[in-house]
S.K.: 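Handing you a structure now.
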Amino acid sequence: MKRFLLTTGCLFAAMASALAQTTGNDATTEISKETTLLGMVAAAGWVMIPLALASMITLTLIIYCFFTLTEKSITTPELLERMEPFFENEDLDGLASYVAERPQATARIVDRTLQFLERHPNADPDSIRIVAETEGNRIAAALNQRVLYIMDVGVLSPMLGLFGTVVGILNSFGHIASEASPMRTMLLAGGVSQALVATAAGLTVGITAMAFYAYFRGRVGHLVSVLESEGTLLTQELILLSKRHRVAR
């Protein structure tokens, strides 16, 4: 009799364990069905909207920087060759007309310096150099600002993702507290995993933005050095040209 009861008890225990395991597997399967990529993105909440906007801004800025942060935006061999005859012939008016139509940064420096010389024909070399350096600093700051926008997005995106995760976890705890479900632990794990999607999305956008920021920062440094080199030479040419004009007068 005791052996029969012991055998029966073991049988019921095995059946209960199998039933519990089956129930747990069914619950896990149900949760896993809900954790598709689109489902997780939707479960991350409204914070995915600003993250999606941040990703689009990042992509736009990256494409814009790829097309604008080039040496052609600073100077070109054709530009320098076309300006050389104006310096040799001491034709300030022709040089001013030519550089006024050119979009390159060095042409902008020459144009601003020539405008200053037109208003102040007797300006000393230090004043001419200061005007050219000021315009060059303005252009360099504009180049750096394009890259800083990418850095701003890279810094803010992980914060947005973390904020979305905090909101998602708070919502998960709120649902668990309001529902008398025996699967609270599994529901909490599923809710937290879905809430972490916001952090993953924010980190993805942030890491991508910061990687391209590091790349474009190096490119801007190279462009600024080219601008300083070419701008200094052209400014010195203008200073010498203005001296010869004063002597001629």
S.K.: Flag the pair Glu133 and Arg129 as a salt bridge only when some basic side-chain nitrogen lies within less than 4.0 angstrom of an acidic carboxylate oxygen.
M.R.: no
S.K.: Is Leu69 close to Val147 at the side-chain level, that is, under 4.5 Å between some pair of heavy atoms?
M.R.: yes
S.K.: Within a radius of less than 6.0 Å around CZ of Arg102, do more than 12 heavy atoms belonging to other residues, nucleotides or ligands occur?
M.R.: yes
S.K.: How many angstroms lie between CD1 in Ile57 and CD1 in Ile62, if you round to the nearest 0.5 Å?
M.R.: 12.0 Å
S.K.: Just verifying a value: how many Å separate Leu61 CG and Met56 CE, rounded to the nearest 0.5 Å?
M.R.: 12.0 Å
S.K.: Would you tabulate the side-chain donor-acceptor contacts of residues 222-233 under 3.5 Å, counting partners in other chains and residues two or more places apart, or write 'none'?
M.R.:
| residue | atom | partner | partner atom | Å |
| --- | --- | --- | --- | --- |
| His222 | NE2 | Glu71 | OE2 | 2.6 |
| Ser225 | OG | His222 | O | 2.5 |
| Thr232 | OG1 | Glu228 | O | 2.6 |

S.K.: Of the non-hydrogen atoms in Ala123 and Ser127, which two are nearest, and what is the gap between them?
M.R.: CB-CB, 4.5 Å
S.K.: Rounded to the nearest 0.5 Å, what's the gap from CZ on Phe116 to CD1 on Ile128? Could you check?
M.R.: 7.0 Å
S.K.: Identify the two heavy atoms, one from Leu162 and one from Thr199, that lie closest to each other, and give their separation to 0.1 Å.
M.R.: CA-OG1, 3.8 Å
S.K.: Around atom CZ of Arg112, are there more than 12 heavy atoms from other residues, nucleotides or ligands closer than 6.0 Å?
M.R.: no
S.K.: Return the CG to OH distance between Asp152 and Tyr213, rounded to the nearest 0.5 Å.
M.R.: 9.0 Å
S.K.: If every non-hydrogen atom of Ala107 is compared with every non-hydrogen atom of Val99, which pair is closest and at what distance?
M.R.: O-CB, 3.8 Å
S.K.: Rounded at 0.5 Å granularity, tell me how far OG1 in Thr113 sits from CD in Glu237.
M.R.: 12.5 Å
S.K.: Which pair of heavy atoms, one from Phe66 and one from Arg219, lies closest together, and at what distance?
M.R.: O-NH1, 3.7 Å
S.K.: How close do Ile150 and Ala209 get, counting heavy atoms only, and between which atoms?
M.R.: CG2-O, 3.2 Å
S.K.: Residues two or more places apart in sequence or in another chain: which of them pass side chain to side chain contact (heavy atoms under 4.5 Å, CB included) with Ala96?
M.R.: Leu114
S.K.: Please list, chain by chain and in numerical order, all residues satisfying side-chain hydrogen bond (donor to acceptor under 3.5 Å, both in side chains) with Asp93, sequence neighbours excluded.
M.R.: none
S.K.: If you take all heavy atoms of Ile109 and Gly136, which pair is closest and at what distance?
M.R.: CD1-CA, 3.9 Å
S.K.: Answer yes or no: does atom CD of Glu78 have more than 12 heavy-atom neighbours from other residues, nucleotides or ligands under 6.0 Å?
M.R.: yes
S.K.: Quick check on Tyr98: does its OH atom have over 12 non-hydrogen neighbours (other residues, nucleotides or ligands) under 6.0 Å away?
M.R.: yes
S.K.: Met159, Val197: one ILVMFWY side-chain cluster at the under-4.5 Å cut-off?
M.R.: no
S.K.: For the CZ atom on Phe87, are there more than 12 heavy atoms of other groups (residues, nucleotides or ligands in this structure) within a distance under 6.0 Å?
M.R.: yes
